[in-house]
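Each chain gets a letter, A, B and so on, in the order the sequences are listed, and its residues count up from 1.
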Amino acid sequence: MQTWFNPARGLEEAIASLSSLEADFRPDVRIADPRFGDFQANGVLPYAKARKANPRALATELVSKLRGNDAFAGLSIDIAGPGFINFVLSPAYLLNWMGDYKTGADLARGLAASGSHETVVVDYSSPNTAKEMHVGHIRSTVIGETLARLLAIRGDKVIRDNHIGDWGTQFGMLIWAVKNENYDLDHPGENVIGELQDLYAKGYAHYKESDEAAAKVREELVKLQNGDAENLAIWEKITSASKGAFDKIYARLDIHFDLTLGESFYRDKVERIYRELTETGLAVESDGALVVFHPEHKRFATQPFIIRKADGASNYATTDLATILYRVEELGATDIIYVVDSRQSDHFEQLFLTVEKWFKAKGYRLPRLRHVSFGTVLGENGKPFKTKEGGTVKLRDLLDEAVERSLTIVTTKNPDLPEVEKRQIAEAVGVGSVRYADLSQNRTSDYVFSWDKMLALEGNTAPYLLYAVARIRSIFRKAELAPGQGEEGALPFETPEELALAKKLAAFGPAMDAVFGDLRPHLLANYLFELSGTFSSFYNANRVMGEAAPVKARRLILCARTLAVMETGMNLLGLRVLERM
RNA sequence: GUGGCAGUAGCUCAGUUGGAUAGAGCAGCGGUCUUCUAAACCGCAGGCCCCGGGUUCGAAUCCCGGCUGCCACGCCA
């Protein structure tokens, strides 16, 4: 019996190839409401509608062809209502599926089969140097990391690039303050970033004091940009200290970049941008600045895309243009994804429009450009997030708090575990909870920050998934078997809980298709939450140990496959799985 | 003003791109540990899908018009 890794896709293709309908017929197979079946094909309805035909008759004709075909041997098929075609996977089919897709590697293979194998740059996290990472950075960082992992498992060549803000106007103030305070960058204190942030605040205050003071601050920036050795040395030390602080957070979140090419990397690449955009006629002078207008666009006909400021300096539009060129020419990117806050959607729309015209004029290969946007982190009052003191919550503090709360709980629930293991569990649960709180929500909606919500440990949260995995691990530990062992002689699934779990596992492929459709990780989180729930119901209703051999074997199969799917999915979300908790 | 995003159960949110009787979690009520981890499971209750039109076999979803909230819009990123 033939099985499809992704039954929805398999059905889609098999139905299309067997039907004698015209080419515009799309079977439109999707997961069905369990009351009607496992999958349903709805495509005959719109097809019949377009031709004023009887959908029920068309469905009947189509189904008679499917029934005689080997590909549909393990499925029951029927027609309901106006022409829905419902499919139910047989227990034997499900058992076969479990035999074909056993391990994480099998699942990865199944996923990669439908990938397009691009070279894709994922641009995410992108904090500013000399500043502490705060809750505002968490979304880009964890969503970007998950997208990178998703694309990689689908078979893309992924290049993770941390486009840090290391060349902005903040350096004028920072350098001025470092000099004014005689801050010793070679022997910084414990909390370098905190101190740098204080220095920045002093520089900023000075900048605001008077015109003369502002001029001095600007002078430091100009010196830096002109390559002044002393200022460059200060800048380098600040950058290096900042990267060190970022790396601590990244290590904790298990995030790894292939490249960290910040804005400063492109500082000698902006002249070409000015030249090419001017010579292609895209950029024009306006109020002393060099800008791009898009006459065909309702707003961008008058809302400029400023690529060189009136004072001659570059800005982020310039470096973003240079960055795209670099990624295409030097990295071979066919696809570039920006994981950035939705407030910058105008910027990206202008950027992409400009690149399209520029690349077309120069005959450069145009990559696929996508802005994967996400909502803003808001406070409880619905305004952009600030603490009561007007500051931001540091990512470090958030993670520490989460781990502390988790430690309290693990100590209560499982007091006999060794201290070291309790701490490991608390770290995985705490950090995982913060991360999952973000990933389980639709990225496009705004995010209301709340300690309780971020650190919740029940319901649709990381611990719920981790707990399901720990229970499976525990079964194998008690059975003294490795996952994958003890499966011989299994009979097809029988109980409602077994069947529900088996079907949920076979729905992994369709769930992942939805995730890739619009790059929405929360659909993976939803799926894993549902899988955990289905497993928990199974666990409570059907014992594994102590059952007759054929029953035990088939339940061990379900445990092992659930484990493989959970581990694969959780790894994509960046959650570390646990043996016990 | 122009444009974008959003409005679904008391609260927080899903809703597979137009499919069948709109779903979860939390909070509430009731039940389940001598048996593989009760961080769990089972059940009950909870709805003007912002409002009004339209499109069609079918609309939370698409179109038009409103209302409300948030965001962006010349030299910050």
Asks: A:Arg30 side chain N/O closer than 4.0 Å to the phosphate oxygens (OP1, OP2) of B:U17?
Replies: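 Yes, because at least one side-chain N or O of A:Arg30 sits under 4.0 Å from OP1 or OP2 of B:U17.
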
Asks: Partner lookup for B:A9, please. Criteria are Watson-Crick or G-U wobble with both distances under 3.5 angstrom; report none if nothing qualifies.
Replies: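 Partner of B:A9: none found under 3.5 Å.
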
Asks: With a 3.5 angstrom cut-off on both distances, give the Watson-Crick or G-U wobble partner of B:G65, or none if there isn't one.
Replies: B:C51

Asks: So if I take every side-chain heavy atom of A:Asn315 and compare against B:A77, B:C36, B:A40, which nucleotide ends up nearest?
Replies: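 Of B:A77, B:C36, B:A40, B:A77 is nearest to the side chain of A:Asn315.
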
Asks: Is A:Lys298 near enough to B:G3 that one of its side-chain N or O atoms lies under 4.0 angstrom from OP1 or OP2?
Replies: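 Checking B:G3 against A:Lys298, a side-chain N or O does come within under 4.0 Å of OP1 or OP2.
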
Asks: Is there a donor on the side chain of A:Ser342 or the base of B:G4 sitting less than 3.5 Å from an acceptor on the other?
Replies: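 Not at all, since no donor on one side and acceptor on the other fall under 3.5 Å apart.
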
Asks: Please measure how far the P atom in B:G3 lies from the corresponding atom in B:G43, and state the result in whole Å.
Replies: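 Straight-line distance between the two P atoms is 50 Å.
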
Asks: Distance to the ring centre below 6.0 angstrom and angle to the axis at most 45 degrees; does that hold for A:Lys269 and A:Phe265?
Replies: yes

Asks: Please pick, from B:A40, B:C57, B:G15, the nucleotide with the shortest atom-to-atom distance to any side-chain atom of A:Asn442.
Replies: B:G15

Asks: Reckon A:Asp320 touches a base, only the sugar-phosphate, or nothing at all at heavy-atom distances under 4.0 Å?
Replies: nothing

Asks: Mind checking who B:C57 pairs with, Watson-Crick or G-U wobble, both distances under 3.5 Å?
Replies: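 B:C57 is paired with B:G19.
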
Asks: Could you tell me whether the phosphate oxygens of B:G58, OP1 or OP2, come under 4.0 Å of any side-chain nitrogen or oxygen in A:Lys49?
Replies: no

Asks: Taking the P atom in each of B:G46 and B:G66, what is the distance between them to the nearest angstrom?
Replies: 37 Å

Asks: Less than 6.0 angstrom from the centroid, inside 45 degrees of the normal: does A:Arg308 satisfy that with respect to the ring of A:Tyr274?
Replies: yes

Asks: Could you state the atom-to-atom distance from NE2 of A:His522 to P of B:C13 in whole Å?
Replies: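 It is 13 Å, rounded to the nearest whole Å.
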
Asks: Using atom CG of A:Leu575 as one end and atom P of B:A39 as the other, report the distance to the nearest whole Å.
Replies: 19 Å

Asks: Under 3.5 Å, is there a donor on one side chain and an acceptor on the other for A:Glu349 and A:His297?
Replies: yes

Asks: Is A:Asn86 side chain donor-acceptor paired with the B:A20 base, going by distance under 3.5 Å alone?
Replies: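 Such a pair exists between side chain and base.
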
Asks: Can you check B:C33 for me, syn or anti if syn means within 90° of 0?
Replies: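 It is syn.
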
Asks: Below 4.0 angstrom from OP1 or OP2 of B:A14, is there any side-chain N or O of A:Ser445?
Replies: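 Yes, such a contact exists.
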
Asks: Between A:Phe529 and B:A24, do the rings stack, that is, sit under 5.5 Å apart with planes less than 30° off each other?
Replies: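 Base of B:A24: not stacked against A:Phe529.
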
Asks: Both distances below 3.5 Å, Watson-Crick or wobble geometry, any strand: find the nucleotide opposite B:A27.
Replies: none

Asks: Just name whichever nucleotide pairs with B:A40, Watson-Crick or G-U, keeping both distances under 3.5 Å, else none.
Replies: B:U32

Asks: Evaluate the ring planes of A:Phe535 and A:Phe538, with Trp represented by its six-membered ring, and classify them as parallel (under 30°), tilted (30 to 60°) or perpendicular (over 60°).
Replies: tilted

Asks: Of the candidate nucleotides B:C13, B:A72, B:G74, which contains the atom at the shortest distance from the side chain of A:Asp346?
Replies: B:A72

Asks: The side chain of A:Lys413 lies closest to which of these nucleotides: B:A39, B:A40, B:G74?
Replies: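 When the side chain of A:Lys413 is considered, B:A39 is the closest of B:A39, B:A40, B:G74.
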
Asks: By nearest nucleotide on RNA chain B, pick out whichever of A:Thr302 and A:Ile85 is the more 5' one.
Replies: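 That would be A:Ile85.
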
Asks: Among B:G74, B:A39, B:A72, which nucleotide sits nearest the side chain of A:Phe293?
Replies: B:G74

Asks: So if I take every side-chain heavy atom of A:Val429 and compare against B:A39, B:U16, B:G74, which nucleotide ends up nearest?
Replies: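 For A:Val429, the side-chain atoms sit closest to B:A39.
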
Asks: Tell me whether the side-chain N/O atoms of A:Tyr464 come closer than 4.0 Å to OP1 or OP2 in B:C41.
Replies: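 It does, given that an N or O in the side chain of A:Tyr464 lies less than 4.0 Å from OP1 or OP2 of B:C41.
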
Asks: Syn or anti for B:U17, given that syn means the glycosidic angle lies within 90° of 0?
Replies: syn

Asks: Determine the Euclidean distance between corresponding C1' atoms of B:A14 and B:U8; express it in Å to zero decimal places.
Replies: 10 Å

Asks: Nearest to the side chain of A:Lys309, heavy atoms from C-beta on, is which of B:A40, B:C76, B:A77?
Replies: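 The answer is B:C76.
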
Asks: Within the structure, does a side-chain N or O atom of A:Ser537 lie under 4.0 Å from either OP1 or OP2 of B:C42?
Replies: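 Looking at the OP1 and OP2 atoms of B:C42, one of them is under 4.0 Å from a side-chain N or O of A:Ser537.
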
Asks: Given the ring of A:Tyr47, does A:Arg51 sit roughly above its face, with NZ or CZ under 6.0 Å from the centre of the six-membered ring and within 45° of the axis?
Replies: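 Yes, A:Arg51 sits over the ring of A:Tyr47.
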
Asks: So what's B:C70 paired with, Watson-Crick or G-U wobble, going by both distances under 3.5 Å?
Replies: B:G4

Asks: Can a donor-acceptor pair be found between the side chains of A:Thr318 and A:Asn315 at a distance below 3.5 Å?
Replies: yes

Asks: Do we get A:Arg30 above A:Phe39's six-membered ring, with its NZ or CZ under 6.0 Å from the centre and within 45° of the axis?
Replies: no

Asks: Just the rounded figure in Å: distance from P of B:U12 to CG of A:Asp446.
Replies: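 To the nearest whole Å, that distance equals 13 Å.
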
Asks: Are A:Arg471 and A:Tyr539 in a cation-pi setup, meaning NZ or CZ lies under 6.0 angstrom from the ring centre and within 45 degrees of the ring axis?
Replies: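 Yes - A:Arg471 lies over the ring of A:Tyr539, closer than 6.0 Å to its centre and within 45° of its axis.
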
Asks: If only side-chain N and O atoms of A:Arg308 are considered, is one of them under 4.0 Å from the OP1 or OP2 phosphate oxygen of B:G74?
Replies: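 Answer is no, no contact under 4.0 Å.
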
Asks: Give me the distance, rounded to whole Å, that separates B:A60 from B:C48 when you measure between the P atoms they each carry.
Replies: 14 Å

Asks: With rounding to whole Å, what would you report as the distance between B:U21 and B:G31 at their C1' atoms?
Replies: 27 Å

Asks: Apply the side chain to side chain contact (heavy atoms under 4.5 Å, CB included) test between A:Leu369 and each candidate in A:Leu351, A:Ile337, A:Ile324; give the one that qualifies.
Replies: A:Ile324

Asks: Please classify the glycosidic conformation of B:G54 as syn (within 90° of 0) or anti (everything else).
Replies: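 Glycosidic conformation of B:G54: anti.
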
Asks: Under 5.5 Å between ring centres and under 30° between planes: does that hold for A:Phe84 against the base of B:A20?
Replies: yes

Asks: Taking B:A77 as the reference, what is the distance to B:U17 when you measure between their C1' atoms (whole Å, please)?
Replies: 33 Å

Asks: With rounding to the closest Å, how many angstrom separate the P atoms on B:G74 and B:U55?
Replies: 42 Å

Asks: Determine the interatomic distance between P on B:G4 and the same-named atom on B:A20; round to the nearest Å.
Replies: 29 Å

Asks: Return the value, rounded to whole Å, for the distance between atom CZ of A:Phe374 and atom P of B:G4.
Replies: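 Rounded to whole Å, this separation is 21 Å.
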
Asks: CZ of A:Phe305 versus C1' of B:C73: gap in Å, rounded?
Replies: 14 Å

Asks: Taking only the side-chain heavy atoms of A:Ile31 (C-beta and beyond), determine which of B:C13, B:A72, B:U16 contains the nearest atom.
Replies: B:U16

Asks: Please tell me which of the listed nucleotides, B:G19, B:G74, B:A39, lies nearest to the side chain of A:Pro82?
Replies: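 So the nucleotide nearest the side chain must be B:G19.
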
Asks: Are any of A:Tyr316's side-chain N or O atoms less than 4.0 Å away from OP1 or OP2 of B:A77?
Replies: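 Checking B:A77 against A:Tyr316, no side-chain N or O comes under 4.0 Å of OP1 or OP2.
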
Asks: Pick the nucleotide of RNA chain B nearest each of A:Glu579 and A:Asn128; which residue has the one closer to the 5' end?
Replies: A:Glu579

